[in-house]
Asks: 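Could you have a look at this structure, given as structure tokens, before my questions?
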Amino acid sequence: MKDGKVKFGVVVFPGSNCDHDAYYACKHVLGQEAVFLWHKEADLQDVDVVILPGGFSYGDYLRCGAIARFSPVMREVTRFAQGGGTVIGVCNGFQILLEAGLLPGVLLRNASLRFVCRYIHVRVENAETRFSNRCSVGDVLSLPIAHGEGNYFADEETIKRLEGDGRVVFRYCDEKGKTGGDANPNGSLGDIAGIINETGNVLGMMPHPERCCDPRLGHTDGQDVFLSILEYCGAGDHTLAAREELNNG
């Protein structure tokens, strides 16, 4: 962190289409520093946080994220994560994290076999992570999704470990916080929408917080994810004041 600002690095793969959304949210909404990291680069430019954005990296050939995980930048992202660096993968970024082995499990075709693009609700299950510390357990956030392969699956032992260790951060629910049924948009086991790794520094989630940060769009629940990261990095109070001024302006 330099001059009180957190530096975000947004990785750009061929086929990424949420990279500018993430950049805009970090730089222009939250007032932090942000840079693009091209997939062929091996230099993370001394960033504090790495974002793997949504999209269709490499056209989703073979499997979603299967080719992107071999990009030169991913070797550096893996080293960064293994060293404790903060990494968040959103939608296709979540798929890449799974393919890279930085998170357990897989993402299958939606149970409906249809692409789903709409606002959904998630319930905060763990409010003690660097991605959710601005929330309280049980908080319900309204976030957009846009995916065809968001059906989280893992073996029984892995699911049991994720649940027991508090590594499920977000769970699909309805507006009142109730899980199951139509509240689950893709069939994910346990209504899982977002998980962290064992050390808590890597988050993968299917909903798009970067798409609901700007108050001019009428939705700001995504700010909570980014503000939590800023809080962890030591820039939370300053940014919260700036957010309140922005949202009230």
Side-chain angles (χ1 to χ4, degrees), residues 1-11 18 21-35 44-53 77 80-81 83-90 93-94 97 102-103 121-144 165-171 177 193-215 217 219-249:
M1 190 168 67
K2 184 178 180 181
D3 298 328
K5 291 188 176 183
V6 175
K7 185 175 182 180
F8 289 84
V10 181
V11 178
C18 299
D21 294 334
Y23 181 95
Y24 178 86
C26 295
K27 186 174 181 66
H28 298 293
V29 177
L30 295 173
Q32 304 303 303
E33 186 176 357
V35 295
L44 297 187
Q45 301 185 39
D46 197 30
V47 299
D48 301 300
V49 181
V50 170
I51 299 177
L52 302 182
V77 171
F80 181 73
T86 301
V87 179
I88 175 172
V90 177
F94 187 6
L97 289 174
L102 291 173
L103 291 171
H121 296 89
V122 297
R123 190 177 69 200
V124 178
E125 302 292 281
N126 184 345
E128 297 182 359
T129 79
R130 65 182 72 182
F131 308 99
S132 59
N133 60 68
R134 282 287 187 179
C135 305
S136 298
V137 171
D139 281 356
V140 175
L141 307 180
S142 178
L143 304 172
D165 293 345
R167 291 168 55 191
V168 176
V169 182
F170 302 110
R171 200 183 306 273
I195 61 173
I196 52 175
N197 63 341
E198 290 183 0
T199 51
N201 62 301
V202 177
L203 170 74
M205 62 186 296
M206 287 310 295
H208 288 267
E210 79 285 357
R211 290 185 176 181
C212 55
C213 283
D214 193 332
L217 298 179
H219 294 274
T220 59
D221 282 2
Q223 290 183 5
D224 288 331
V225 175
F226 292 102
L227 283 171
S228 294
I229 295 173
L230 298 181
E231 176 73 15
Y232 172 81
C233 293
D237 291 339
H238 170 75
T239 305
L240 181 61
R243 181 185 75 161
E244 291 175 346
E245 180 180 352
L246 175 67
N247 290 348
N248 293 330

Asks: Within a radius of less than 6.0 Å around CD of E128, do more than 12 heavy atoms belonging to other residues, nucleotides or ligands occur?
Replies: no
Asks: Nearest heavy-atom pair of V87 and A81: which atoms, and what distance?
Replies: CG2-CB, 4.0 Å
Asks: Kindly compute the distance separating CD1 (I88) from CG (L97), expressed to the nearest 0.5 Å.
Replies: 9.5 Å
Asks: After noting the C-alpha distance and the side-chain angles of Y23 and E210, does the key distance pass the side-chain contact (heavy atoms from CB on, under 4.5 Å) rule?
Replies: CA-CA 9 Å; Y23 181 95; E210 79 285 357; over 6 Å; no
Asks: Do P209 and V90 touch side chain to side chain, with heavy atoms closer than 4.5 Å?
Replies: yes
Asks: Could you report the tightest heavy-atom contact between I196 and G166, atom names first, then the distance?
Replies: CD1-O, 4.4 Å
Asks: Can you measure from CD1 (I195) to CG (D165) and round to the nearest 0.5 angstrom?
Replies: 11.5 Å
Asks: Find the distance between OG1 (T86) and CZ (R130) and round it off to the nearest 0.5 Å.
Replies: 4.0 Å
Asks: Apply side-chain contact (heavy atoms from CB on, under 4.5 Å) to the pair F131 and I229, showing each step before the final yes or no.
Replies: CA-CA 5 Å; F131 308 99; I229 295 173; 3.8 Å; yes
Asks: Would you say NZ of K7 has more than 12 non-hydrogen atoms from neighbouring residues, nucleotides or ligands within 6.0 angstrom?
Replies: yes
Asks: For the side chain of T129 and the backbone of S132, is there at least one donor-acceptor N/O pair under 3.5 Å apart?
Replies: yes
Asks: Counting distance only, does the side-chain N/O of Q32 pair as donor-acceptor with the main-chain N or O of V6 below 3.5 Å?
Replies: yes
Asks: Between F226 and C213, is there a side-chain heavy-atom distance shorter than 4.5 Å?
Replies: yes
Asks: Which value, rounded to the nearest 0.5 Å, describes the distance between E125 atom CD and R171 atom CZ?
Replies: 4.0 Å
Asks: By side chain to side chain donor-acceptor pair (under 3.5 Å), which residues pair with R167, not counting sequence neighbours?
Replies: none
Asks: Under the ring-ring contact (aromatic ring centres under 6.0 Å, His included) rule, collect the residues that match up with F80, sequence neighbours excluded.
Replies: none
Asks: Before giving the answer on side-chain contact (heavy atoms from CB on, under 4.5 Å), spell out for V35 and F8 the whole-Å C-alpha distance, their side-chain angles and the decisive distance to 0.1 Å.
Replies: CA-CA 6 Å; V35 295; F8 289 84; over 6 Å; no
Asks: Roughly how far, to the nearest 0.5 Å, is the SG atom of C18 from the CZ atom of R211?
Replies: 3.5 Å
Asks: Could you go through Y232 and V49, starting from their C-alpha distance and side-chain angles, then the distance that decides it, and tell me whether this counts as side-chain contact (heavy atoms from CB on, under 4.5 Å)?
Replies: CA-CA 11 Å; Y232 172 81; V49 181; over 6 Å; no
Asks: Is there a side-chain contact between D21 and H208 (heavy atoms, below 4.5 Å)?
Replies: no
Asks: Between N133 (side chain) and S228 (backbone), is there a donor-acceptor pair under 3.5 Å?
Replies: yes
Asks: Considering all heavy atoms of both residues, which atom of C135 and which atom of V124 are nearest to each other, and what is their separation?
Replies: CB-CG2, 3.9 Å
Asks: Kindly write out the residues that satisfy side chain to side chain donor-acceptor pair (under 3.5 Å) with D221, not counting sequence neighbours, or none if the list is empty.
Replies: none
Asks: List the residues meeting side chain to side chain donor-acceptor pair (under 3.5 Å) with H121, not counting sequence neighbours, and say none if there are none.
Replies: none
Asks: For a quick test of reading the model, state the closest non-hydrogen atom pair linking N201 to T199 and the distance between them.
Replies: OD1-OG1, 2.5 Å
Asks: With Y24, which residues qualify under side chain to side chain donor-acceptor pair (under 3.5 Å), at least two apart?
Replies: D214, R216
Asks: Let me confirm one number: the SG-CD distance from C212 to Q223, rounded to the nearest 0.5 Å.
Replies: 8.5 Å
Asks: Residues in side-chain contact (heavy atoms from CB on, under 4.5 Å) with S136, at least two apart?
Replies: D139
Asks: Tell me the closest heavy-atom pair linking L103 and G204, and the distance in Å.
Replies: CD1-N, 3.5 Å
